[in-house]
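Reviewing the structure listed below.
Residue numbers start at 1 and run along the sequence shown.
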Amino acid sequence: MTATGGTELNPWDPPAVWAACHGLALLRQDAALRVLPEEVFTQARDRVLATITAAVPLESPGT
């Protein structure tokens, strides 16, 4: 798999993406982010996803 810039996917990219998403989900479920209103959490979630997308802009296989 390659990034959209034509570079090879770093082997650490998938675990880093998973860790960020999993961490955000756990914080929402169990701790600090549970008290946030849905709109505020959605903004936080979207920011995390935008950061991941900017750091690891992947193409879909076969495109």
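Here the CZ atom belonging to Phe41 is positioned 8.5 Å from the CG atom belonging to Leu27, to the nearest 0.5 angstrom. The distance from the CD1 atom of Ile52 to the SG atom of Cys21 is 4.0 Å, given to the nearest 0.5 Å.
Residues Arg45 and Leu24 come closest through the heavy atom pair CA-CD2, 3.7 Å.
In this structure, Arg47 contributes its side chain and Thr42 its backbone to no donor-acceptor pair below 3.5 Å.
Linking ILVMFWY residues whenever their side-chain heavy atoms come closer than 4.5 Å, directly or via other members, leaves Leu26 and Leu33 in distinct clusters.
Side-chain contact check for Leu36 versus Arg28: some heavy-atom pair is nearer than 4.5 Å.
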